[in-house]
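Structure first, commentary second.
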Amino acid sequence: MAVDPGTLHGDHQAMFAALPADGTTISNPNLQRRLDWNSDRYFRARDALVDMGLVVRGRGRGGVVRRLVPEMVVKERTVAVVVDAGADALTTAATVEAAIKNELALYEPMRRVIEQDWAKDRRRDPLAVEITALQGRRATGGVWSRPDIVSVEVRTFAYVPGKYLEVATFEVKAANAINVQAVYEALAHRRAATHSYVLLHVPADHADSLEDDVADVAEAARAHGIGVVTAADPADYDTWEEREEARRIEPDPERLNNFVATQLSDNARDLISRRLR
């Protein structure tokens with residue numbers, strides 16, 4: 001989560017105020033001229049705002065920056081739902097709204113399972129397991145870059161030197177929104193994670209009718225190293241099944257750092273910082 005802009009002062013406050021309030025991009029040279037600062041002063045303030053999760057860098061001539069404008073995630077949420085091609089607009093809208101509500105209801109029970117039974121089964125000790133779906137737009141970019149749940153852990157090994165930050169992301173899908181798009185959403189998450197999963201709610205009484213859809217998701221996930229987990233009861237780990245194992249990757253350190261800075265709570269960031277010392 002980003003720093004509260006109201007707590008800024010000095011150069012940080014001046015630069016943030018000079019950025020377009022609507023999140024429109026501006027080039028570094030133009031913003032530097034607007035502020036009338038030298039290069040060292042400008043980039044020192046800019047980098048600090050990026051680290052605070054208030055400003056996002058982008059590509060463009062001279063590099064561009066913009067404010068990170070908070071928005072309700074539900075307004076941005078991309079939900080792939082199969083609807084009747086002949087349905088009217090009201091019926092289609094109701095179907096999509098139901099899928100969103102169904103997915104939202106899954107987050108907390110699944111988060112608890114990941115934090116408890118899932119972690120114990122895998123001999124993991126997460127520092128935090130957080131619901132990240134209900135946040136505004138973030139620095140990782142694009143509607144597909146927002147995972148629903150994130151688990152973070154710092155691991156050490158008896159015979160390997162160093163500490164390793166492990167970030168696992170989970171893309172949650174309700175029973176009426178299961179399709180291969182979930183895999184590509186998880187792939188977007190993996191740019192800033194070590195493991196990415198698709199977590200599907202497959203009620204026991206719908207397992208047979210959903211099997212073809214689940215198999216399609218598993219096949220696509222296997223090709224990309226994305227994990228697939230099904231849950232008949234989102235709150236009961238005994239009903240969870242790992243259909244595909246997530247392949248570990250080493251994300252770009254800057255992407256990983258920006259993800260932690262902008263997506264996790266103050267408490268989670270503090271725990272990570274302490275454990276990595």
Side-chain angles (χ1 to χ4, degrees), residues 1 53 73 76-80 103-104 106-119 121-122 124-155 164-174 177-201 217-218 220-231 234 237 240 242-265 267-269 271-272:
M1 297 179 181
V73 67
E76 268 189 15
R77 191 76 186 148
T78 299
V79 177
E103 184 175 310
L104 293 176
L106 298 172
Y107 293 158
E108 181 53 29
M110 287 181 165
R111 186 204 67 79
R112 287 196 300 267
V113 168
I114 293 167
E115 182 179 52
Q116 298 169 13
D117 294 330
W118 168 279
D121 189 24
R122 284 158 176 73
R124 296 301 179 94
D125 184 22
L127 294 173
V129 180
E130 298 188 339
I131 297 169
T132 50
L134 305 178
Q135 297 183 17
R137 186 176 299 164
R138 61 181 161 216
T140 45
V143 297
W144 281 7
S145 63
R146 179 185 298 107
D148 296 318
I149 301 172
V150 174
S151 174
V152 292
E153 176 187 10
V154 174
R155 300 189 72 191
Y164 296 85
L165 179 60
E166 301 279 304
V167 175
T169 65
F170 298 84
E171 177 62 28
V172 174
K173 290 300 178 186
I178 295 175
N179 59 62
V180 295
Q181 178 176 302
V183 175
Y184 301 107
E185 295 181 60
L187 271 173
H189 307 162
R190 201 175 62 175
R191 293 181 298 175
T194 55
H195 301 80
S196 289
Y197 294 87
V198 174
L199 182 48
L200 308 175
H201 182 211
V217 171
R222 189 181 312 120
H224 297 287
I226 300 296
V228 177
V229 179
T230 60
Y237 185 61
W240 288 36
E242 187 174 32
R243 298 281 296 259
E244 296 292 336
E245 184 178 0
R247 186 166 62 241
R248 188 188 189 281
I249 69 161
E250 195 66 46
D252 176 76
E254 184 173 7
R255 280 189 182 274
L256 178 56
N257 187 76
N258 288 343
F259 180 87
V260 170
T262 59
Q263 295 311 295
L264 299 180
S265 67
N267 181 61
R269 294 202 306 271
L271 290 171
I272 292 169

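For this chain, numbers begin at 1 and follow the sequence in order.
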Next on the checklist: Run the side-chain contact (heavy atoms from CB on, under 4.5 Å) test against D125 and tell me which residues pass, sequence neighbours left out.
Outcome noted: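 Counting only residues at least two positions away or on another chain, D125 forms a side-chain contact (heavy atoms from CB on, under 4.5 Å) with E153.
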Item to check | Those residues that, when tested against A268, pass side-chain contact (heavy atoms from CB on, under 4.5 Å) (two or more places apart) | outcome: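 Once residues adjacent in sequence are excluded, the partners of A268 under the side-chain contact (heavy atoms from CB on, under 4.5 Å) criterion are A128, E130, L264, S265.
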Out of curiosity, [X] [atom1] to [Y] [atom2], how far, rounded to the nearest 0.5 Å?
X	Y	atom1	atom2	value
F259	D252	CZ	CG	14.0 Å
Y184	N179	OH	CG	10.5 Å
T262	R269	OG1	CZ	8.5 Å
E115	R124	CD	CZ	15.0 Å
W118	F170	CH2	CZ	5.0 Å
Q263	T169	CD	OG1	11.5 Å

Next on the checklist: According to salt bridge (charged side-chain N to carboxylate O under 4.0 Å, His left out), who are the partners of E245, at least two apart in sequence or on a separate chain?
Outcome noted: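 E245 satisfies salt bridge (charged side-chain N to carboxylate O under 4.0 Å, His left out) with no residue once adjacent residues are dropped.
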Beyond-backbone contact of [X] with [Y], side-chain heavy atoms, under 4.5 angstrom:
X	Y	result
H195	H189	no
V152	P126	no
L165	V167	yes
I114	I149	yes
V154	L127	yes

Could you tell me which non-hydrogen atom of [X] sits nearest to which non-hydrogen atom of [Y], and how far apart they are?
X	Y	result
A193	I249	O-CG1, 3.5 Å
L106	P234	CD2-CG, 3.7 Å
V150	P147	CG2-CG, 3.6 Å
V198	A182	CG2-O, 3.6 Å
A192	L256	O-CD1, 3.4 Å

Where the side chain of [X] meets the backbone of [Y], is there a donor-acceptor pair that is under 3.5 Å apart?
X	Y	answer
S196	L187	no
D148	V172	yes
R190	H224	yes
R191	A188	yes

Does [X] have any side chain to side chain donor-acceptor pair (under 3.5 Å) partners at least two apart in sequence or in another chain, and if so, which?
X	value
N257	none
R243	E211
Q116	none

Item to check | Derivation and outcome, side chain to side chain contact (heavy atoms under 4.5 Å, CB included), residues E103 and K173 | outcome: CA-CA 6 Å; E103 184 175 310; K173 290 300 178 186; 4.2 Å; yes
Next on the checklist: Check this for me: does any side-chain nitrogen of one of R111 and E108 sit under 4.0 Å from a carboxylate oxygen of the other?
Outcome noted: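 So R111 pairs with E108 through a salt bridge.
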Item to check | Whether W240 and Y237 hold their rings parallel, tilted or perpendicular, with breakpoints at 30° and 60° | outcome: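 W240 and Y237: tilted rings.
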